[in-house]
Every structure is written in structure tokens, then in C-alpha cells.
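Read through the structure below, which is laid out as C-alpha cells, and then see the notes.
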Amino acid sequence: MPSEGFVTSIARQSEDFPGWYNDVVLKAELADYSPVRGCMIIRPYGYAMWESMQAELDGHIKRTGHSNVYFPLFVPKSLLEKEAEHVEGFNPQVAWVTHAGGKALDEWLAIRPTSEAIIADSVKDWIQSYRDLPLLMNLWNNVVRWELRTRLFLRTTEFLWQEAHTFHATEKEAADEVATGLECYRLVSEDWLAIPVIKGRKTDAEKFPGADWTWCIEAMMRDKKALQAGTSHMLGQNFAKAAGIEFLDRDNVRKNPYGTSWGFSTRMVGATIMAHGDDSGLVLPPNVAPVQVVVVPIFRKEEERAAVAAAIDRLKESLAETPDGRAVRVHVDWREDSPGFKYNHWELRGVPFRLEIGPRDVAAGQAMVVKRVDRSKEAVPLDRLAAELPARLRDYQAELFKRASDFREANTHRVDTYQELRDGLDGEGGFFLAPWCGDGKCEKQVSAETGATIRCIPFDSPDETGKCIVCGVSSERRALFARAY
RNA sequence: CGGGGUGUGGCCUAGUUGGUAAGGCGCGUGCUUUGGGAGCACGAGAUCGUGGGUUCAAGUCCCGCCACCCCGACCA
């Protein structure tokens, strides 16, 4: 691969993946460090990506019957402590407000690490009858978890997310809701972000503290490590019992409702970067790309500039009324920098298509169309661009999804012995499907010895008797092992 | 919390036996430029992380503190 002239200001992905990731986030101006340790400032280009996936997910959430609500940032200590497993799981990560108004508070306030506790307490008066159920709510907010080791987007002390909280009369209905939430996440990941995901169930060691069980979607990044892209939890009656939520059912018996919660965060911006990016920087799926097409004008003399500008103006007008009615997000880069500078600038930012329009193109009535993902170059008549670009963007979106799917496929391996797993992890890496007996001790041994964890027990793996790679006891399914973020 | 390291314009770095801070990138203005990171000229921008100490004199030497980075531990 020739590297002359192409983006060189960032670390090479193949040589230093963490360094590459950091360079991309900072130099593509997605985010910046903040004065507060572990927190991040999300800049316009990065926030536009978040808004895009946020809008898409919000649509799915509303289509499935949920309403947006808001609950406070502060959670009284006594409420957070009501559910025993929950408080134990979160305590080390909670930031506390101990003083306000110039004096010590009688009761400390937790800055929400998540809202199960305060919601359970608040809704207990709203739920009196089975007729009040299901209660389907969603919050878009920020949460704080005091992390020791942070990385921009992937794990920050404060992050933005959505947390859905629902209450149901029956366990079955709540279990269906867990699936509904997870499906919303799959749709956004695969159809919007072009990131293929594996649905599965978390092991007890990895589940949410306070949940009966947790489902998740897991994705593979380009360094072959796994990233948890969303989780959906069956809370059972745990929080309802802790908060004393009861309703009178059809049979005139007082019962505790079943709860669920599910969350999707700004971490997905990081996932999008790491699932598609390359040595030149970001590679964005058109759906989330703040700029889908960038136009780089090329000219020497003033009359050339005028001719190029006229052609670009006509093109912009035609793009405003594309066949599918959806406007293409076009940016024309009229800055005074050289064309080469602009190519690098927009490649680093992952813009799917670049149109080069110079005197030769204007004379030929065409534009050079360059595809970011493979740098392929093609002359396209100017009067056909408006008709073709939407389709090209759709194809590009599909191509990225296929590329990511093929990559995951090629790096997912079935192994039947512990030694094969270790060799695989130390060698090429990737996802490993291996028989596991279900015992937490075997799981823990693998993570202690290899650094890999069980990401999930995939739903689509068929029942298959085998022998646990650690203890040899018979197993019914394969678990997905991988090193993870 | 243990081990190691680093703090000098927005960024990267130089700074000798202590003598009052230098270069590159970037930024501003002007002119020339523009098909893969353009050139020249002029210019703006630093209480050298912080507090103390030694000294006629500290970016430099000594002590304390703080922040950040790496490794380990920890991490719904």
C-alpha cells in the first residue's frame, strides 16, 4: 500500500491500535479531554454522530410503545441501598454529594450511576392495579461511574446514554420486553451503524447487579477484540420488592410487578470508530456520517474558479431534490488550503464520498467520485450524480456491513480444548466458541489465565453436547470467549 | 493503592558547567499558489505544573505538593 501523501499524522492501526484510536478521536475532532479526570468533551463532529444514532434509537423506542421521561440526577443514599446486590455492585463506582448550600448534607446524594433505584421508589405510587401496567418509560440522560481506567467514548467517568425502565404484571411479559429492548439495539447497530452483533445471554459473573439475568449484543472491533454494544436486563421482582411496589391483579391478589431495564451509550460512537476505521482514520457508515459527500473544488485562475463554482452550485441544487426525497448531506470545502490537504482532512474524518471537481471535469461535465473505504475513483457525469448518490450511499452502507460481517466471520473460531483457546488468543486473536459447563469457577480460571472473558452465550448457537474446555464436564452449548473492551 | 516515568506558547520538542527561553507544526496579515498534507515575507503568542529553599542570579540544583502517562491491582 502506498502511504505517500495519505494521512500520516495518526498512528498506524495495525501497529498501535490504542494509539490509533486516540489519534482518530482527537484529530478528527470527535472529542477532547476535559479538566475533570476521566471525563470528556464531545465536539460538534462527534456529537453529530451521537445525535444520529440517538434519533434512530429513539424512533425504535417510541415505535415499541415507550415514552420519554426524566428522573433526577441525585439519588438519596437510602434509596440506592435498598436493593442489596445492586448497592454492592455499584458502591465502588458511585460519586457522592456530601455538601451543598455551604453545609454538610444530612443524607448523602449519589450522582446516579443508573436510575433503577430512584425510579422504583418513584413509581410505587403510580402502580396500584394491573390496569396501570405495563409502564414503559425511557430516559435520555447522563450518568457517572467512577472508573479507574478511562478511554474516550469507550469508558468515561460521565457518559450519555438512554436507559429504559419498564414494569409488567407477569414474568413472561417482562421477559418479552427484555427481548424487545435488545432488538432495538440490534437494529441500530446493524442497520444504522453497520456493525454486526451477536445476541446472547451474559453469565452470572457478567450480569447487571440487581438483575436476575442479562442479555446483550457483542460486536467485534478491527483489532478482533469484543465490545459490549448494549445490554438488556430482567430485573425480576428485585427492585419492586425492595421499593415496595405492589399492584392488585385480576385475581384480587396483591403482587410485585416484574421490571426490566436496558441501556445504550456514547460508547457506541467508539464502537463505530473501531469497527470500521483504517490507517487513514475514520470510515463512517453514511447513515451516521455528519457529512456524507464532500466536494473539493480545484482551480488555478479566477475564471476556472468561477466555472467550477457554477458547476458546484448546479450540483447542490439538484441534490436538494433526490429521488428518495431525503437530502444528501453535502459539504463544499472552499477553504484556501490545497486539494491534497483537503483529501487528507476529510479522509481522516471518514466522509464516505469525495467529489473532485476541477476545470477538466467541468469541461467534461463530470466529477471524480472517490470512495473513502477503498479509495476507488470513478468519473460520473454531473447530471447523474443527484440520481445516483442516494443509491451509492445505500450501497456503501451495505458494503461496510458486509465488510464487518466478513471480518468477524473470518476471525471467529470453534475450539474444543483449552489449549486451542489459549493458542488462538495468543496468536491471531478473535472470537472463540467453546464448550463451557456453566460453572463460574471454570469461567474465572479462563479469565485469570488468558485475559479473555465469556462475552455471552449466543442465542443462535445450536444445542450441542460437548465437554467443558476447562473441567471436562459435559456441556450443552458453546460460550463466546474473547478479550474485550 | 504499589512500581516506573513525564510536566517549557494551542501541539511536538531543544535548552550546555545555573546568566533572564529557542525551533518546528499550528495561528494572523499580505503576495504568489491549488488534480494527494504549497512557498515566501512580516507578525502574535510562555508568569517554564505548583509552593518553598539554595544563590548576586534557577527552566536548570534541593525539598514538598499537584496533574498526567505507562505497568500492576481494580473495573454494571
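Chain A is the first sequence line, chain B the second, and so forth, proteins listed ahead of strands; every chain is numbered from 1.
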Please give the distance between the [atom1] atoms of [N] and [M] as a whole number of Å.
| N | M | atom1 | answer |
| --- | --- | --- | --- |
| B:G24 | B:C61 | P | 27 Å |
| B:A14 | B:U8 | C1' | 10 Å |
| B:G36 | B:G43 | C1' | 31 Å |
| B:U50 | B:A58 | P | 15 Å |
| B:C62 | B:G3 | C1' | 24 Å |
| B:C42 | B:G9 | P | 25 Å |
| B:G51 | B:C70 | C1' | 27 Å |
| B:G45 | B:G37 | P | 33 Å |

Exercise for review: Would you sort out whether A:Tyr185 and A:Thr231 count as a side chain to side chain contact (heavy atoms under 4.5 Å, CB included), showing the intermediate values?
Suggested key: CA-CA 8 Å; A:Tyr185 296 159; A:Thr231 48; 6.0 Å; no

Choosing from [options], which nucleotide comes nearest the side chain of [X]?
| X | options | result |
| --- | --- | --- |
| A:Glu356 | B:G37, B:G35, B:G36 | B:G35 |
| A:Val7 | B:U34, B:G37, B:C75 | B:G37 |
| A:Ser338 | B:G36, B:C75, B:A38 | B:A38 |
| A:Arg149 | B:U34, B:G36, B:A73 | B:A73 |
| A:His345 | B:G35, B:C75, B:G37 | B:G37 |
| A:Glu347 | B:G36, B:G35, B:C75 | B:G36 |
| A:Arg375 | B:U34, B:G37, B:G36 | B:G36 |
| A:Tyr343 | B:G37, B:C75, B:G35 | B:G35 |
| A:Arg300 | B:G35, B:U34, B:G37 | B:U34 |

Heavy atoms only, 4.0 Å cut-off, all strands: where does [X] land among base, sugar-phosphate and nothing?
| X | value |
| --- | --- |
| A:Phe90 | base |
| A:Glu88 | nothing |
| A:Arg305 | nothing |
| A:Lys207 | sugar-phosphate |
| A:Ser9 | base |
| A:Pro297 | nothing |

Review point. When you measure from the side chain of A:Glu206 to the backbone N and O of A:Lys202, does any donor-acceptor pair fall under 3.5 Å?
Key: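 No.
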
Atom pair distance, as rounded to whole Å: [atom1] in [X] and [atom2] in [N]:
| X | N | atom1 | atom2 | value |
| --- | --- | --- | --- | --- |
| A:Gln93 | B:A73 | CD | P | 18 Å |
| A:Tyr21 | B:C69 | OH | C1' | 18 Å |
| A:Phe299 | B:A38 | CZ | P | 14 Å |
| A:Ile298 | B:U33 | CD1 | P | 17 Å |
| A:Arg335 | B:G26 | CZ | C1' | 13 Å |
| A:Glu302 | B:U34 | CD | P | 13 Å |
| A:Arg483 | B:C75 | CZ | C1' | 17 Å |
| A:Trp334 | B:U33 | CH2 | C1' | 15 Å |

Practice item. Find which nucleotide of RNA chain B each of A:Phe208 and A:Met368 is nearest to by heavy atoms, and output the residue with the more 5' nucleotide. Key: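 This one resolves to A:Met368.
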
Point to revise | Contact nearer the 5' end of RNA chain B, comparing A:Val362 with A:Gln228 | key: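 With A:Val362 and A:Gln228 compared, the 5'-side residue is A:Val362.
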
Establish, yes or no, whether a centroid distance under 6.0 Å links the rings of [X] and [Y].
| X | Y | value |
| --- | --- | --- |
| A:Trp215 | A:Phe459 | yes |
| A:Trp192 | A:His60 | no |
| A:Phe239 | A:His86 | yes |

Review point. Is a donor-acceptor contact shorter than 3.5 angstrom present between the side chain of A:Asp337 and the base of B:G37?
Key: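 It does not, because no donor-acceptor pair links the side chain of A:Asp337 to the base of B:G37 below 3.5 Å.
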
Exercise for review: Verify salt bridge (Lys or Arg N to Asp or Glu O under 4.0 Å) between A:Arg384 and A:Glu388, making sure each step is shown before the conclusion.
Suggested key: CA-CA 6 Å; A:Arg384 275 187 20 215; A:Glu388 287 190 12; 2.8 Å; yes

Watson-Crick or G-U wobble partner for [N], using a 3.5 Å limit on both distances?
| N | value |
| --- | --- |
| B:A67 | B:U6 |
| B:A21 | none |
| B:A57 | none |
| B:C1 | B:G72 |
| B:U16 | none |
| B:C40 | B:G30 |

Exercise for review: Check the pair A:Leu57 / A:Cys184 against side chain to side chain contact (heavy atoms under 4.5 Å, CB included), numbers first and verdict last.
Suggested key: CA-CA 7 Å; A:Leu57 178 56; A:Cys184 289; 4.0 Å; yes

**Study point:** salt bridge (Lys or Arg N to Asp or Glu O under 4.0 Å) assessment of A:Lys371 paired with A:Glu378
**Key:** CA-CA 9 Å; A:Lys371 238 167 98 184; A:Glu378 187 186 346; over 6 Å; no

